[in-house]
Amino acid sequence: MNTLRRRRLPWLLLLPLLLAPACAERSRPSGDAGLPSSAALELDNRATLLLLADRRELVRMPLDRALLGGPQLREDLAVALGRIGDPQGRAMLEGLAVDEAVAVRRAAVFGLGELGVREAEARLLVAATDADREVGALAVEALGKIGASLAEIRPRLAALGEVESEARLLPFLFRFHEPAALEVGRVTLFEKASPWRGAAAYGIARYPRPEAAPILRELLADADPAIQAIAARGLGEVGDPGDLAPLRRTLDAAIAEGADSPAIQAMRAGAKLRGRSHAAAPADEWAWPETLGGLFAHPSAGVRITALEAAASFAAGAPAESALVAALAERWEHAETTRERELALLALAVSAAPVARTAVRQAATNESAVLRAAAAAGAGRVGDLELLTQLASDPSPRVRLAVLEARLVAPPAEAAAWARQALTDADPPIRSTALDWWAEHPGLPVEALVAAAAAGRPATELEDDRLAAVRALAGLAKARVEERGACLLALDALTRDGSYLVRREAIQALRGLGETPAPLAPLETRRQLSAYRDILQQTARPRFVAMETARGRLLLELACREAPMTCLSFLHLAEGGYFDGQVFHRVVPDFVIQAGDPRGDGWGGPGYTLRDEINRLRYQPGALGMALSGPDTGGSQFFLTLTAQPHLDGGYTVFGHLVEGAEVAARIVQGDTIVRVREVAGRASAAKR
């Protein structure tokens, strides 16, 4: 079977929608009567672009019409082409990259980066030297995304002078995974007055090469705490056990100075190095556990939590009478939050001390599903199979999932029985986890995988189980020649599934198997053009949201212009009380706080998915982003960044930012409650409520 084809929806069926702007004044709803005809036509054209981006469909006629519009419409056109993602839009984007309007050029070069095709490299190299610095910087970012070489970029930038060259290249140095990036960063770091030292350090440390280790060790002693944190993180990836001592010195100094970020990153790096090799430097063998144990009661929640997380690495093999085990047992009994008790229990289980089995058994009867799930994970560590069997019938899906994950690390023959049994569980995430195991250990019959791909789910669940079934079919096709034909037929049928995400996953699977399926059909949004016009009108003004939490109030300004559909969905959910009473189900100190899941475990959603609205807003501290499990899988789960995270730029929709309450966000701990979320008129109104 060399070619798999499917019929696409004839574009003529879209003609009533796409021609709507031409007859706008005849069919204008009475609510738009006050709009001048030119403004009404502009709105209709913009709405058409939003419709096409939402459907992920490239149709030439309305795109050509937008090309003849004003600067605002041409900018929207560039944004839409980037989001549609069809390589056939490249020529139009390249033309817009030399538009007379700066805003259009910025949107176009960013869109070329999102398109991700190497054929755009020549145009982007020209754009890198654009008279506008931001256009040039966006072009460099796009070149990094498509895999261009610094050897092609640097000579062009050098002609602009050192100041312009650094301003365009260094913010995106981390996107170039090649030896030359290390040298560029090293040179900048020697310039103590350079405003781009932080960016250079990030470029070296984000995806570090082993050769970066000496530079990162030197940066641990930098005067800038932010650079210390970056260096510590990088050393956790490419360092060795000998780095435990300098990392602990960095930790001690950061604690003394009240600098949470380098302290948190030093602890994480130490835990990673210790986890990779238990042959720690003798001088630090006892110093780290003592230091971590002393931080379990630190006033900063981020420091406390990270110390408990790191303790698991140093507790492994620790003597039962060690001070660290004693401190963990004390924290398990008297922790301030459920999250701290959970982490203390998990670290105790790793230690395998006698007190661990008692604590695990105690947690298994706790009313908190979080602690019972931790007990399941702990039971796997201490080898309490009787307790695992007991918890396998727990009413909470979170607990049953923890049991499954604990059993799937067993030898394949034993794990297979659990993975097969899990397919009958009513909870889609449990089935998804089992199916991902089967994707890596092919052996389940095709019929069972087809049934799993067709399984339904509650409205609040994501489609991860069905997507995992598609991946399992692909894994079976690769592993067993005799099953390949049946798997291909099943995958071909799934390319006509009613779910856009399932269709896309099936097409990608077939391509990975060397087949040639038809292009992905547009997504059926079931919205008329008038709905998109309404969306644009409802998001034309600034919108603010007040989020009351157990720790205090957060005030958010939504980026409606850049992400109208995401923002409007968030507003509708908020006004309906959707977020009220939910918890922050994921908090990673010095990184993000995340909420918006009605299940409270990261697997839930509102019953629909949103297309990504990737834009040029950056993940600076306090950025509001849409959480994903893959492209176009957004729904209700959102996150706030606690620190700058440039690697997230262009990968997740930014749809707002925190304008008040940064100190509140820093205090939030996993499991904390959202009291209510409601729209407010602005900062002044939020202060009065």
Quiz item: Looking only at side chains, do Ser569 and Tyr608 share a donor and an acceptor under 3.5 Å apart?
Solution: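 Yes, a side-chain donor-acceptor pair sits under 3.5 Å.
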Quiz item: Do His647 and Tyr202 get their side chains close enough for a donor-acceptor pair, meaning under 3.5 Å?
Solution: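 There is such a pair between these side chains.
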Once rounded to the nearest 0.5 Å, what's the spacing between atom [atom1] of [X] and atom [atom2] of [Y]?
X      : Y      : atom1 : atom2 : result
Ser261 : Arg233 : OG    : CZ    : 11.5 Å
Trp437 : Leu404 : CH2   : CG    : 10.0 Å
Leu216 : Ile230 : CG    : CD1   : 10.0 Å
Leu387 : Arg372 : CG    : CZ    : 11.5 Å
Arg503 : Leu494 : CZ    : CG    : 11.5 Å
Leu251 : Leu295 : CG    : CG    : 6.0 Å

Quiz prompt | Of all pairs that satisfy salt bridge (Lys or Arg N to Asp or Glu O under 4.0 Å), the ones with a partner from residues 347-370, not counting sequence neighbours | solution =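 For residues 347-370, and leaving out neighbouring residues, the salt bridge (Lys or Arg N to Asp or Glu O under 4.0 Å) pairs sorted by first residue read Arg357-Asp384, Arg361-Asp384, Arg361-Glu386.
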Quiz item: How would you list all residue pairs meeting salt bridge (Lys or Arg N to Asp or Glu O under 4.0 Å) that involve residues 625-638, not counting sequence neighbours?
Solution: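 Non-adjacent pairs meeting salt bridge (Lys or Arg N to Asp or Glu O under 4.0 Å): Arg56-Asp632, Arg504-Asp632.
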Contact check, side chains of [X] and [Y], non-hydrogen atoms, under 4.5 Å:
X      : Y      : value
Glu548 : Ile674 : no
Arg217 : Pro246 : no
Arg268 : Lys272 : no
Ser351 : Leu328 : no
Leu642 : Val588 : no
Thr653 : Leu610 : no
Val403 : Trp418 : yes

Practice problem: Kindly indicate, with the supporting measurements, whether the criterion salt bridge (charged side-chain N to carboxylate O under 4.0 Å, His left out) is fulfilled by Arg466 and Asp497. | Solution: CA-CA 11 Å; Arg466 301 192 65 210; Asp497 191 85; 2.6 Å; yes
Quiz prompt | Residue pair Leu346, Val350: steps toward the side-chain contact (heavy atoms from CB on, under 4.5 Å) verdict | solution = CA-CA 6 Å; Leu346 292 172; Val350 170; 5.8 Å; no
Practice problem: Might you work through the side-chain contact (heavy atoms from CB on, under 4.5 Å) test for Val325 and Leu348, ending with a clear yes or no? | Solution: CA-CA 7 Å; Val325 170; Leu348 274 175; 4.1 Å; yes
Quiz item: If you draw a 6.0 Å radius around OH in Tyr500, do more than 12 non-hydrogen atoms from other residues or ligands fall strictly inside?
Solution: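 Yes, the 6.0 Å shell around OH holds more than 12 heavy atoms from other groups.
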Using every non-hydrogen atom in the two residues, find where [X] and [Y] come nearest and quote the distance to one decimal.
X      : Y      : value
Ala468 : Leu435 : CB-CB, 3.7 Å
Ala490 : Leu473 : CB-CD1, 4.1 Å
Ala434 : Leu423 : CB-CD2, 4.0 Å
Val677 : Met547 : CG2-CG, 3.7 Å
Gly596 : Pro598 : O-CD, 3.7 Å
Ala406 : Leu388 : CB-CD2, 4.1 Å

Practice problem: Go through the structure and list residues passing side-chain contact (heavy atoms from CB on, under 4.5 Å) with Ala269, not counting sequence neighbours. | Solution: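 Ala269 satisfies side-chain contact (heavy atoms from CB on, under 4.5 Å) with Leu247 only.
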Quiz prompt | Ala627: side-chain contact (heavy atoms from CB on, under 4.5 Å) partners, not counting sequence neighbours | solution =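 Scan of Ala627 (side-chain contact (heavy atoms from CB on, under 4.5 Å), adjacent residues dropped) gives Gln594, Gln637, Phe639.
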Quiz item: Can you list the steps and then say if Glu663 with Arg667 is a side-chain contact (heavy atoms from CB on, under 4.5 Å)?
Solution: CA-CA 7 Å; Glu663 71 290 346; Arg667 292 198 301 268; 3.9 Å; yes
Can you tell me if [X] uses its side chain to pair, donor with acceptor, with the backbone of [Y] under 3.5 Å?
X      : Y      : result
Thr424 : Gln421 : yes
Asp243 : Asp240 : yes
Ser432 : Pro428 : no
Arg551 : Ala665 : no
Arg341 : Trp332 : yes
Trp288 : Leu244 : yes
Thr641 : Gln620 : yes
Thr633 : Leu628 : no
His334 : Glu330 : no
Tyr578 : Ser636 : no

Practice problem: May I ask you to decide if the ring planes of Phe584 and Phe638 are parallel, tilted or perpendicular, using 30° and 60° as cut-offs? | Solution: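 If you compare the ring of Phe584 with that of Phe638, the planes turn out perpendicular.
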Can you tell whether the side chains of [X] and [Y] come within less than 4.0 Å, N to carboxylate O?
X      : Y      : result
Asp427 : Arg398 : no
Asp597 : Arg599 : no
Glu336 : Arg331 : yes
Arg471 : Glu440 : no
Asp580 : Arg678 : yes

Exercise. Show the numbers, then the answer: is there a salt bridge (charged side-chain N to carboxylate O under 4.0 Å, His left out) between Asp672 and Arg339?
Key: CA-CA 9 Å; Asp672 280 351; Arg339 176 59 172 165; over 6 Å; no
Quiz prompt | Steps toward side-chain contact (heavy atoms from CB on, under 4.5 Å) verdict (Val669, Val587) | solution = CA-CA 6 Å; Val669 175; Val587 175; 5.8 Å; no
Please output the side-chain donor-acceptor pairs of residues 296-306 that fall under 3.5 Å, not counting sequence neighbours, one pair per line with the distance.
| unit_1 | atom_1 | unit_2 | atom_2 | d |
| --- | --- | --- | --- | --- |
| His298 | ND1 | Ser300 | N | 3.0 |
| Ser300 | OG | Asp260 | OD2 | 2.7 |
| Ser300 | OG | Gly302 | N | 3.4 |
| Ser300 | OG | Val303 | N | 3.4 |
| Arg304 | NE | Glu340 | OE1 | 3.4 |
| Arg304 | NE | Glu340 | OE2 | 3.3 |
| Arg304 | NH1 | His298 | O | 2.9 |
| Arg304 | NH1 | Pro299 | O | 3.3 |
| Arg304 | NH2 | Glu340 | OE2 | 3.4 |
| Thr306 | OG1 | Gly302 | O | 2.7 |

Quiz item: Looking at residues at least two apart in the chain, or sitting in another chain, which of them share a side chain to side chain donor-acceptor pair (under 3.5 Å) with Thr338?
Solution: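 If we apply the side chain to side chain donor-acceptor pair (under 3.5 Å) test to Thr338, skipping adjacent residues, there are no hits.
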